[in-house]
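Everything on this sheet refers to the single structure shown next.
The analysis underlying the following values was restricted to heavy atoms, covering all of them including side chains, and did not include hydrogens, waters or symmetry mates.
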Amino acid sequence: MIIEKNEIKGLLVIKPDVFEDPRGYFFESYNEEKFRQFGIDVRFLQDNESKSGKDVLRGLHFQVPPYAQGKLVRVIKGAVLDVAVDLRRFSSTYGQWAAIELSEKNKWMYWIPPGFAHGFLTLEENTVFFYKCTEVYHKESECGIFWNDPDLNINWGIDHPLVSEKDKVAMGFRDFNSPF
C-alpha cells in the first residue's frame, strides 16, 4: 500500500496493493494499523454507498462541528472526479481545492479529513461510490457550498451536470463563515 500526500495538507491518496490473477483481484481496502502509521488515526462510525448515472454531481457537502466528518472514499464501479475544498480558515490553503480521479480500475482511495467540503462528478454510467465516515449523519449539521461557486472556480469539466434540488440552492463560498 502506498499513501501519498496531496498538495493540500491533510488530503491523502491511498493506492492499495492489488493482487490479480485469472480469478479476479483482491486488495485490502482498509487496515487500521497501516492507516494509523500514516496519520489516519480515526474511528469510522458509518459507511455510505451511492449509485449514480453519468454526469451526476453530488456536493459540495460537509457537516459542521461537533458532527464534522472525515471521509475515506473510493469507487467500486465506474469512475468519478472527486473534489475536496479546504474549509479550515487558518489553513494556508483555505478555499483551495484538489481533484483526483477515482475508478474501479485504479482502485485508489482518498482520505478527506474533517474541515473539507466534498463532492464528486460521475464519469461513467452506473457508478457506485463508497465512503467510510468518522461521524454519523446529522441533518442539522449538514451544509453545502454551490458546486460551481465562482470564487472556488472548480474545473469540473462539465457545464450542466445533474444535481439535486438541495445542491442547487447551496450557499456561496463567500457567504460561508467557517467553523473549522
Side-chain angles (χ1 to χ4, degrees), residues 4-14 46 48-75 78-104 106 108-135 137-180:
E4 298 176 346
K5 293 181 179 178
N6 189 285
E7 63 267 16
I8 297 179
K9 186 178 180 180
L11 296 175
L12 299 172
V13 178
I14 298 125
Q46 180 175 316
N48 298 322
E49 182 176 309
S50 67
K51 179 180 176 186
S52 304
K54 187 174 190 256
D55 297 334
V56 169
L57 196 147
R58 297 179 184 262
L60 298 159
H61 303 147
F62 58 97
Q63 289 186 180
V64 296
Y67 296 97
Q69 293 178 319
K71 297 176 182 176
L72 179 63
V73 303
R74 68 185 177 103
V75 169
V80 303
L81 177 68
D82 198 273
V83 173
V85 179
D86 191 349
L87 301 179
R88 302 167 299 177
R89 67 176 174 242
F90 299 113
S91 168
S92 63
T93 53
Y94 176 74
Q96 293 181 27
W97 57 273
I100 185 170
E101 186 172 324
L102 303 174
S103 71
E104 70 179 296
N106 68 23
W108 295 353
M109 293 168 275
Y110 203 24
W111 166 244
I112 304 161
F116 284 80
H118 172 254
F120 63 90
L121 172 70
T122 56
L123 305 175
E124 296 180 12
E125 286 294 339
N126 299 311
T127 292
V128 178
F129 188 81
F130 177 85
Y131 52 109
K132 301 180 85 55
C133 300
T134 60
E135 186 57 68
Y137 173 72
H138 188 259
K139 185 173 180 57
E140 292 76 23
S141 299
E142 181 183 33
C143 290
I145 293 175
F146 195 50
W147 66 274
N148 67 349
D149 184 277
D151 292 317
L152 295 177
N153 198 29
I154 297 170
N155 182 9
W156 293 99
I158 189 171
D159 292 326
H160 303 288
L162 180 59
V163 297
S164 71
E165 290 304 314
K166 174 179 74 173
D167 290 345
K168 288 179 183 177
V169 296
M171 77 177 93
F173 183 72
R174 189 173 294 187
D175 300 322
F176 175 63
N177 184 14
S178 181
F180 298 105

Verify the ring-centre separation between F176 and F146: is it less than 6.0 angstrom?
no
Any idea which heavy atoms bring K71 and C133 closest together, and the distance?
CG-SG, 4.3 Å
So does Y94 have more than 12 non-hydrogen atoms from other groups sitting under 6.0 Å from OH?
yes
Roughly how far, to the nearest 0.5 Å, is NZ of K54 from CG of N126?
12.5 Å
Examine distances only and state if a side-chain atom of S52 and a backbone atom of T127 form a donor-acceptor pair shorter than 3.5 Å.
no
Close side-chain approach of L11 and I100, heavy atoms under 4.5 Å:
no
N/O donor to acceptor pairs below 3.5 angstrom from side-chain atoms of residues 82-92, sequence neighbours left out:
| from | atom 1 | to | atom 2 | distance (Å) |
| --- | --- | --- | --- | --- |
| D82 | OD1 | H118 | NE2 | 3.1 |
| D82 | OD2 | H118 | NE2 | 2.8 |
| D86 | OD1 | R88 | N | 2.9 |
| D86 | OD1 | R88 | NE | 2.8 |
| D86 | OD2 | R88 | NH2 | 2.9 |
| D86 | OD2 | S91 | OG | 2.7 |
| D86 | OD2 | T93 | OG1 | 2.6 |
| R88 | NH1 | K9 | O | 3.2 |
| R88 | NH2 | K9 | O | 2.8 |
| R89 | NH1 | S178 | O | 2.2 |
| S91 | OG | T93 | N | 3.1 |
| S91 | OG | T93 | OG1 | 3.0 |

Quick check: closest heavy atoms across E104 and V75, and the distance to 0.1 Å?
N-CG1, 3.8 Å
State, with a plain yes or no, whether a side-chain heavy atom of F62 is found less than 4.5 Å away from one of L60.
no
Atom pair CH2 (W111) and CZ (F116), whose distance is rounded to the nearest 0.5 Å:
10.5 Å
Which pair of non-hydrogen atoms, one from G115 and one from F180, has the smallest distance, and what is that distance?
CA-CD2, 3.4 Å
Going through the distances and angles, do W97 and N155 end up as a side-chain contact (heavy atoms from CB on, under 4.5 Å)?
CA-CA 10 Å; W97 57 273; N155 182 9; 4.2 Å; yes
Flag the pair W156 / P161 as yes when at least one side-chain heavy-atom distance between them is below 4.5 Å, and no otherwise.
no
Indicate yes or no for a side-chain donor-acceptor contact from Q69 to the backbone of E135 under 3.5 Å, with no hydrogens or angles considered.
yes
Where is the tightest heavy-atom contact between L102 and R74, given as atom of each residue plus distance?
CD1-CA, 4.3 Å
Nearest-0.5 Å distance, CZ of residue R58 to CG of residue L121
11.5 Å
Here the pair of heavy atoms bringing E101 nearest to N106 is O-ND2, 3.1 Å
Scan side-chain atoms only and decide if D55 and H160 contain a donor-acceptor pair under the 3.5 Å cut-off.
no
When rounded to the nearest 0.5 angstrom, what is the spacing between CE in M109 and NZ in K132?
10.5 Å
Take I154 and W147 through the side-chain contact (heavy atoms from CB on, under 4.5 Å) test and state the conclusion after the steps.
CA-CA 8 Å; I154 297 170; W147 66 274; over 6 Å; no
Is a side-chain donor or acceptor of D151 paired with a backbone partner of F173 at a separation under 3.5 angstrom?
no
Can you check whether K166 reaches E142 side chain to side chain, under 4.5 Å on heavy atoms?
yes
Inter-residue atom distance Q63.CD - K139.NZ, 0.5 Å rounding:
11.0 Å
Residue pair D167, H61: steps toward the side-chain contact (heavy atoms from CB on, under 4.5 Å) verdict:
CA-CA 9 Å; D167 290 345; H61 303 147; 2.7 Å; yes
First locate atom CG of L12, then atom NZ of K5, and finally report the distance between them rounded to the nearest 0.5 Å.
8.0 Å
Using a 3.5 Å distance criterion without hydrogens, assess whether the side chain of T134 forms a donor-acceptor pair with backbone atoms of G70.
yes
Ignoring hydrogens, what is the shortest heavy-atom contact between E7 and A98? Give both atom names and the distance.
OE2-CB, 3.6 Å
Ring centroids only, cut at 6.0 angstrom: are F120 and Y131 within range, meaning strictly under it?
no
